Each structure stands twice: as structure tokens, then as C-alpha cells.
Amino acid sequence: QVQLVESGGGLVQAGGSLRLSCAPSGRTISRDAMGWFRQTPGKEREFVAAISPIGGRTEYANSVKGRFTISRDNAKNTGYLQMSVLNPEDTGIYYCAATPTYLGTTYYTTVAKYQHWGQGTQVTVSS
């Protein structure tokens, strides 16, 4: 089974930035759609951003548009989430997800579409 490993979380002050990384073990994800989700206690996991395998098609939740950037480096088999102008409402556990697609321009914005998940990395934004 593919294991995704997130890194780059931590504690940051409001207005600051963080970059999350996601790398798999045991399999290439260069042909997978990738996504980032986040979750806070008592709430469902919510969509943050997604990217297609090829062509760089992206989608963002309205709450992060203009502040977050999802990207990938297929040569390094790694995905990224650059987060800027962070605010306390961005606090949560951030999960990386990946799933195979047949079309290189496909991405998904729902939890159910993704087969592979990481364990999550904590992001805490202080006011």
C-alpha cells in the first residue's frame, strides 16, 4: 500500500508562511491526482487544494484562494502546498492525498475520490 508522508507543518504567527511537502514511499505518484485537505477537532475533513498529474490544472477552496499555492515536481515525486498570509482559521491537521487517474488533466476535490492518504501534519497559526 502506498504511504504518503507529509512534512513542513509547525507553529507560525498570523501573517506568516509555511510550505508543506508530500512524498510517497513505495510508488510513484507522478500520474496521480493530488490534493490537500485539512481537519480540525469536531469537524469533517475539508478540501483545501488539488492538482492534476499533468498540465498543472489546480483548484482551491474559496477560503485559501490567493493565499495558498499547490504544486508538484513529478521528477522528485513530491507535491507541495505553499501557504502564505496564514490566519488562525487555517489551524488544523493537513493531509496529503493521491489517487490514480486515466486523464492527466483530472483533479478531485472530495475526500471519497482519493485512495491514498498521509498521516497528516499539524499546522498551528497563532494570533
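Note that the structure is a prediction, hence the values are computed from the model and not measured. In what follows, residues are counted from 1 in the order of the sequence shown. Values reported hereafter were calculated over all heavy atoms of this structure, with side chains retained and with hydrogens, waters and symmetry mates removed.
Between E89 and V125 the shortest side-chain heavy-atom distance does not fall below 4.5 Å. At least one side-chain heavy atom of N87 sits less than 4.5 Å from a side-chain heavy atom of R67. Counting heavy atoms from C-beta on, the side chains of L18 and L86 come closer than 4.5 Å. V48 places a side-chain heavy atom less than 4.5 Å from the side chain of L81. Looking at T105 and I54, their side chains never come closer than 4.5 Å, going by heavy atoms from C-beta outward. Counting heavy atoms from C-beta outward, Q115 and P100 have side chains that approach closer than 4.5 Å. In this structure, the side chains of Q82 and S84 come closer than 4.5 Å at one or more pairs of heavy atoms. Annotation: side chain of Q119 is in contact with side chain of Q3 (closest heavy-atom distance under 4.5 Å).
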#### Entry: From CA spacing to verdict: side chain to side chain contact (heavy atoms under 4.5 Å, CB included), T106, S52
CA-CA 5 Å; T106 300; S52 63; 5.7 Å; no
### Message
Go through it in stages, so that I can follow the logic: the residues are F47 and Y60, the test is ring-ring contact (aromatic ring centres under 6.0 Å, His included), and I'd like the CA-CA distance, side-chain angles, deciding distance and then a yes or no.
### Response
CA-CA 8 Å; F47 168 72; Y60 297 92; 8.1 Å; no
### Task
Please report the C-alpha distance between Q122 and T124 in whole Å, then the side-chain angles of each, then the deciding distance to 0.1 Å, and finally whether the side chain to side chain donor-acceptor pair (under 3.5 Å) criterion is met.
CA-CA 6 Å; Q122 177 70 46; T124 304; 3.3 Å; yes
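Residues W36 and I70 share a closest heavy-atom pair of CD1-CD1, 3.6 Å. Annotation for A98 and Y114: closest pair N-CD2, 3.5 Å, computed over non-hydrogen atoms. Closest of all the heavy-atom pairs between A50 and Y108 is CB-O, 3.2 Å. Heavy atoms only, all atoms of each residue included: Y94 and E6 are closest at O-OE2, 3.9 Å.
Using a distance-only test at 3.5 Å, with no hydrogens or angles considered, no donor-acceptor pair links the side chain of T78 to the main chain of A23. For R57 (side chain) and P53 (main-chain N/O), no donor-acceptor pair under 3.5 Å exists by modelled atom type. Remark: side-chain polar atoms of T58 are not paired, donor with acceptor, to backbone N or O of I51 under 3.5 angstrom. Side chain of D32 to main chain of T101: no donor-acceptor pair is present (N/O by atom type, distance under 3.5 Å, no hydrogens or angles). Within the 3.5 Å criterion, the main-chain N or O of I29 finds a donor-acceptor partner in the side chain of N77.
Taking NZ from K76 and OG from S21, the interatomic distance works out to 9.5 Å, rounded to the nearest 0.5 Å. The OG atom of S30 lies 7.5 Å from the CZ atom of R72; values are rounded to the nearest 0.5 Å. Summarising the geometry, atom CE belonging to M34 is positioned 8.5 Å from atom CG belonging to N74; distances are rounded to the nearest 0.5 Å. Atom OG1 of T110 is separated from atom CZ of F37 by 6.5 Å, given to the nearest 0.5 angstrom. Separation of atoms CZ (R27) and OG (S25) is listed at 11.0 Å; rounding is to 0.5 Å.
Remark: R38 fails to qualify as a cation-pi partner of Y95 under the 6.0 Å distance and 45° angle criteria applied to the six-membered ring.
No chain of hydrophobic side-chain contacts below 4.5 Å, direct or via other Ile, Leu, Val, Met, Phe, Trp or Tyr residues, connects V12 to Y80. Y107 and L20 fall into different hydrophobic clusters, where Ile, Leu, Val, Met, Phe, Trp and Tyr are joined by side-chain heavy atoms under 4.5 Å apart, directly or via other members.
For K43, the NZ atom sits in a loose shell: 12 or fewer heavy atoms of surrounding residues, nucleotides or ligands are nearer than 6.0 Å.
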